[in-house]
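To start, the structure under review is shown below, and the notes come after it.
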Amino acid sequence: MTTILQRSFFARSTLQVARDLLGMRLVRLEGEQRLAGLIVETEAYVGEEDLGCHARAGLTPRTQVMYGAAGHAYVYFTYGMHWMFNFVSEAEGFPAAVLLRAVLPTDGLDVMRRRRGRAADSLPPARWTDGPAKLCQALGIDRRCNDLDLCAPGAEIFVESAAPILDASVTIGPRVGLYTVPEPWKSLPWRFRVDNPSLLEA
DNA sequence: GGCCCGATACTCT
DNA sequence: GAGTATCGGGCCC
């Protein structure tokens, strides 16, 4: 039986949440259409002290969602064209989140493939959603999803429990794309990745 | 397979 | 006005 992850799951150490989300199933409901994928890559962004985290600038209109209750979605726009999806973590008032970097499509493949367009041609499903902006495009996630409560009854986006991933199948390393972020933040091993996503049972 | 680059608009200084 | 938690196409192996 599957259960929906509740707020207590997200209201923990961000590193623990990022690790434990691996293998869980992200579900996106669009009316009758169910889109879903197994989470296979995440990154942790933890507090104002973390110079890789948007909250380094403190409380602003953009970052206020990260200061709110755990279990909400923090969705932001970057590079002039891309949306990114995050799970808010930790206690209310402490700004932190887990960036979703990749999923393995399991439900609604036809819709996801169509949304990815030519970039999906001749590639297996795992390659349609192996980047933070790619999966947002495939799942139809944009600014309307910012601050959604993933733990509310009837939520359009939520996470279902699934088979946990063994430590032996997880690679931990530095976060991606923090070119101008100073050490030690740039190199902290706060990225969690399932080694062979395509081997996971869909 | 790899590297380089441009697209594009939002956030905070 | 500068910087950006990226992507895909073009090019060269």
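These figures come from a predicted structure and were not determined experimentally. Reminder, nothing fancy here: chain letters follow the sequence lines and each chain counts from 1. What's counted below: heavy atoms across the whole structure, side chains too, no hydrogens, waters or symmetry copies.
Interface residues of residues 52-60 of chain A facing DNA chain C, ordered by number: A:G52, A:H54; criterion, heavy-atom separation under 4.0 Å. Residues from residues 68-80 of chain A placing a heavy atom under 4.0 Å of any atom in DNA chain B, listed by number, are A:F77, A:Y79, A:G80.
In this view, A:D167 and A:R19 satisfy the salt bridge (Lys or Arg N to Asp or Glu O under 4.0 Å) rule, not counting sequence neighbours. Taking A:C136 as the reference, A:W83, A:F85, A:I141 meet the side chain to side chain contact (heavy atoms under 4.5 Å, CB included) condition, with sequence neighbours excluded. A:E156 is linked by a salt bridge (Lys or Arg N to Asp or Glu O under 4.0 Å) to A:R28, counting only residues two or more places apart in sequence or in another chain. Residues passing the side chain to side chain contact (heavy atoms under 4.5 Å, CB included) test with A:N196, sequence neighbours excluded: A:L199.
Listed by first and then second residue, the ring-ring contact (aromatic ring centres under 6.0 Å, His included) pairs that reach into residues 2-21 of chain A are A:F10-A:F87, sequence neighbours excluded. For residues 75-96 of chain A, no pair satisfies salt bridge (Lys or Arg N to Asp or Glu O under 4.0 Å), with sequence neighbours left out.
Atom pair A:N146:CG and C:dA5:P shows a separation of 16 Å (rounding to whole Å applied). Separating the CE atom of A:M66 from the C1' atom of B:dC12 is a distance of 14 Å, rounded to the nearest angstrom.
At a threshold of 4.0 angstrom between heavy atoms, the contacts of A:R175 with the nucleic acid are absent. Using a 4.0 Å heavy-atom criterion, one finds that A:L99 contacts the bases of the nucleic acid, with or without backbone contacts as well.
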Contact pattern, 5' to 3', of nucleotides 7-13 of chain C - B, S or - by protein heavy atom under 4.0 Å: SS-----
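When hydrophobic side chains of Ile, Leu, Val, Met, Phe, Trp and Tyr are connected at separations under 4.5 Å, A:I4 ends up clustered with A:V27, A:L29, A:F158.
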N/O donor to acceptor pairs below 3.5 angstrom from side-chain atoms of residues 33-42 of chain A, sequence neighbours left out:
residue, atom, partner, partner atom, Å
A:R34, NE, A:D107, OD2, 3.2
A:R34, NH1, A:E160, OE2, 3.2
A:R34, NH2, A:E160, OE1, 3.4
A:E41, OE2, A:R101, NE, 2.9
A:E41, OE2, A:R191, NE, 2.8
A:E41, OE2, A:R191, NH2, 2.8
A:T42, OG1, A:A18, O, 2.9

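Counting only Watson-Crick and G-U wobble pairs whose two key distances fall under 3.5 Å, DNA chain B forms stems of three or more stacked pairs at B:1-7 with C:6-12, B:9-12 with C:1-4.
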